[in-house]
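Step one of this worksheet: look at the structure below.
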Amino acid sequence: MIVLGIESSCDETGLAVYDSEKGLLAHVLHSQVEVHAEYGGVVPELASRDHIRYLLPLAENVLEQAGISLHQLDGIAYTAGPGLIGALMSGAAVARSLAWALAIPAVEVHHMEGHLLAPLLEAGAPEFPFVALLVSGGHTLLAQVMAIGSYEIIGQSLDDAAGEAFDKTAKMMGLGYPGGPVLAKLAESGRKDIFEFPRPMTDRPGIDFSFSGLKTFALNTWLKNQQDTEDKEQLRADIAHAFEEAVVDTLLIKCRRALKQTGCDRLVVAGGVGANQRLRQRLQQMGEKYQFSVSFPRLEFCTDNGAMIAFAGCLRLQAGQSQSLDIDARARWPMEDLLPVAQQ
């Protein structure tokens, strides 16, 4: 089965072609960073317009790279939620129109399920069951994964997601947009033990997260110390280092608790923050220490992309799932509402 995948949940337009026999054939991505940079964050209306501008040219591009024609497609998968409703509708409208014109099935894909399954695109993919850490700009959660579509959320952020806290902290220190990757890079030149940040909600039982207070702590540290130093760049680096260490430590502690609670010895990490090198290094070290495996997608599949949507959609299409011509995009969509799919 050959499937075209379309991802348009926020500020990146991603398309890919996945073959159930040959694997990933091609993928392309258009980022809207330049569109939103001057506003310091994503502007939903501009995001929707940019998706509309690039969806069809990118579809032609990815099909050419894959070496197939539209009429060789067996199905189309598209992100139906969660995300910005206008952006979701842009991708869904193109997907449903193509499916109708080609008389092939189309299937909705949950954005976070796409992230969760992205590591399964890699060689040596983990077997079920496992614990998944989904950590991105919009979501931070831990799920016990029994099979495709069978997910139990066992911990999640009660306020800001980790990636959101990265971006907001960077913005408060004047690092621009998107600030998360810039802050992480800056943290590499930060000095250890200059600042000690709290590890939120680790002093109590449970595996929920809270990063809003950590963001505020970083802001107060910046405001308190910037008047007393001439080297503001080093101050930014020191705060970035302390902030990143606090986030990473918190994620590690909660992952360890989740593995103990579920009895699993496999951890899957996905989402944009999954590209953070410090997090990857520390999780690998913890896995070696406590004897559990850790799986990541390749860096380009940590952020939003069409490959994860094409892959997840292919699994559901193979199981006989598809949707009617009605477009049911959802800004909010609990993962627990997904239908299970037997492992192929």
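Paired with Arg199 under the rule side chain to side chain contact (heavy atoms under 4.5 Å, CB included), one option of Val248, Val247, Thr250, Leu214 passes, and it is Thr250. Checked against Lys215 for a side-chain hydrogen bond (donor to acceptor under 3.5 Å, both in side chains), the options Asp159, Asp167, Asp160, Thr169 give a single hit: Asp160.
Applying the 6.0 Å contact sphere to CD of Gln226 captures more than 12 heavy atoms from other residues, nucleotides or ligands. When the shell of 6.0 Å around NZ of Lys232 is examined, it contains more than 12 heavy atoms from other residues, nucleotides or ligands. No more than 12 heavy-atom neighbours from other residues, nucleotides or ligands sit within 6.0 angstrom of CD on Glu34. Within 6.0 Å of the CG atom in Asp193, the count of heavy atoms belonging to other residues, nucleotides or ligands does not exceed 12.
Ion pairing between Arg298 and Glu122 holds under the 4.0 Å rule for side-chain N and carboxylate O. A salt bridge links Arg330 to Asp328: at least one charged side-chain nitrogen sits closer than 4.0 Å to a carboxylate oxygen. Asp208 and Lys254 are not joined by a salt bridge, as no carboxylate oxygen comes within less than 4.0 angstrom of a charged side-chain nitrogen. Between Arg316 and Glu113 there is a salt bridge, with a side-chain nitrogen of the basic residue lying less than 4.0 Å from a carboxylate oxygen of the acidic one.
Linking Ile, Leu, Val, Met, Phe, Trp and Tyr whenever their side-chain heavy atoms come within less than 4.5 Å puts Leu56 and Ile6 in one cluster. In the hydrophobic clustering of this structure, Phe301 does not group with Leu4; members are Ile, Leu, Val, Met, Phe, Trp, Tyr whose side-chain heavy atoms approach within less than 4.5 Å, directly or through other members. Under the 4.5 Å side-chain heavy-atom criterion for grouping Ile, Leu, Val, Met, Phe, Trp and Tyr, Val135 is connected to Phe292 within one hydrophobic cluster. Leu15 and Val109 fall into different hydrophobic clusters, where Ile, Leu, Val, Met, Phe, Trp and Tyr residues are linked whenever their side-chain heavy atoms come under 4.5 Å apart, directly or through other members. In terms of hydrophobic clustering, with Ile, Leu, Val, Met, Phe, Trp and Tyr side chains grouped at heavy-atom distances under 4.5 Å, Ile309 and Leu117 are assigned to different clusters.
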Item to check | Stepwise side-chain hydrogen bond (donor to acceptor under 3.5 Å, both in side chains) check, Tyr177 with Glu38 | outcome: CA-CA 8 Å; Tyr177 169 85; Glu38 65 178 295; over 6 Å; no
Next on the checklist: If you apply the rule side-chain contact (heavy atoms from CB on, under 4.5 Å), what do you find for Asn276 with Glu244, and how did you get there?
Outcome noted: CA-CA 9 Å; Asn276 182 280; Glu244 183 181 60; 2.8 Å; yes
Next on the checklist: Run Gln318 and Leu315 through side-chain contact (heavy atoms from CB on, under 4.5 Å) and show every step you take.
Outcome noted: CA-CA 5 Å; Gln318 285 182 306; Leu315 296 176; 4.2 Å; yes
Checklist entry - Can Arg278 and Gln281 be said to form a side-chain hydrogen bond (donor to acceptor under 3.5 Å, both in side chains), step by step? => result CA-CA 5 Å; Arg278 185 61 174 157; Gln281 178 187 36; 2.9 Å; yes
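At a threshold of 4.5 Å between non-hydrogen side-chain atoms, the residues Leu175 and Leu186 count as touching. Two residues are said to be in side-chain contact when any heavy atoms from C-beta on lie closer than 4.5 Å; Ile207 and Gln261 meet this criterion. Asp50 has its side chain within reach of His30: a pair of non-hydrogen atoms, C-beta onward, lies under 4.5 Å apart. Using a 4.5 Å heavy-atom threshold, the side chains of Val33 and Pro178 count as touching. Counting only heavy atoms from C-beta outward, the side chains of Leu70 and Leu63 approach each other to under 4.5 Å. Residues Met308 and Cys302 fail the side-chain proximity criterion, which asks for heavy atoms closer than 4.5 Å. At least one side-chain heavy atom of Val17 sits less than 4.5 Å from a side-chain heavy atom of Ile68. Put simply, the side chain of Leu338 reaches to within 4.5 Å of the side chain of Trp333, judged on heavy atoms.
Taking the six-membered ring wherever Trp is involved, the centroid distance between the rings of Phe243 and Phe217 does not fall below 6.0 Å. Tyr18 and His27 have their aromatic ring centers separated by at least 6.0 angstrom.
From Leu259, atom CG reaches atom SG of Cys264 across 7.0 Å, with rounding to the nearest 0.5 Å. Annotation: the span from Leu219 atom CG to Ile239 atom CD1 amounts to 9.0 Å, rounded to 0.5 Å. Distance OH/Tyr54 to OG1/Thr13: 9.0 Å, rounded to 0.5 Å.
Relative to the ring axis of Tyr290, Arg256 places its NZ or CZ within 45° and under 6.0 Å from the centre. For Arg96 and Tyr78, the positive end is not near the middle of the six-membered ring at less than 6.0 Å and at most 45° from its axis.
Checked by atom type and distance alone, the side chain of Thr140 never pairs as donor or acceptor with a backbone atom of Gln156 at under 3.5 Å. In this structure a side-chain-to-backbone donor-acceptor pair under 3.5 Å is missing from His36 to Leu46. In terms of modelled atom types and a separation under 3.5 Å, the side chain of Asn305 and the main chain of Thr303 share a donor-acceptor contact. In terms of modelled atom types and a separation under 3.5 Å, the side chain of Glu196 and the main chain of Ile194 share no donor-acceptor contact. With Asn225 contributing its side chain and Thr221 its backbone, the two residues share a donor-acceptor pair below 3.5 Å.
In this pair, His139 and His111 present their aromatic rings tilted. The plane angle is within the 30 to 60° band.
For Thr79 and Glu7, the side-chain atoms include at least one donor-acceptor pair closer than 3.5 Å.
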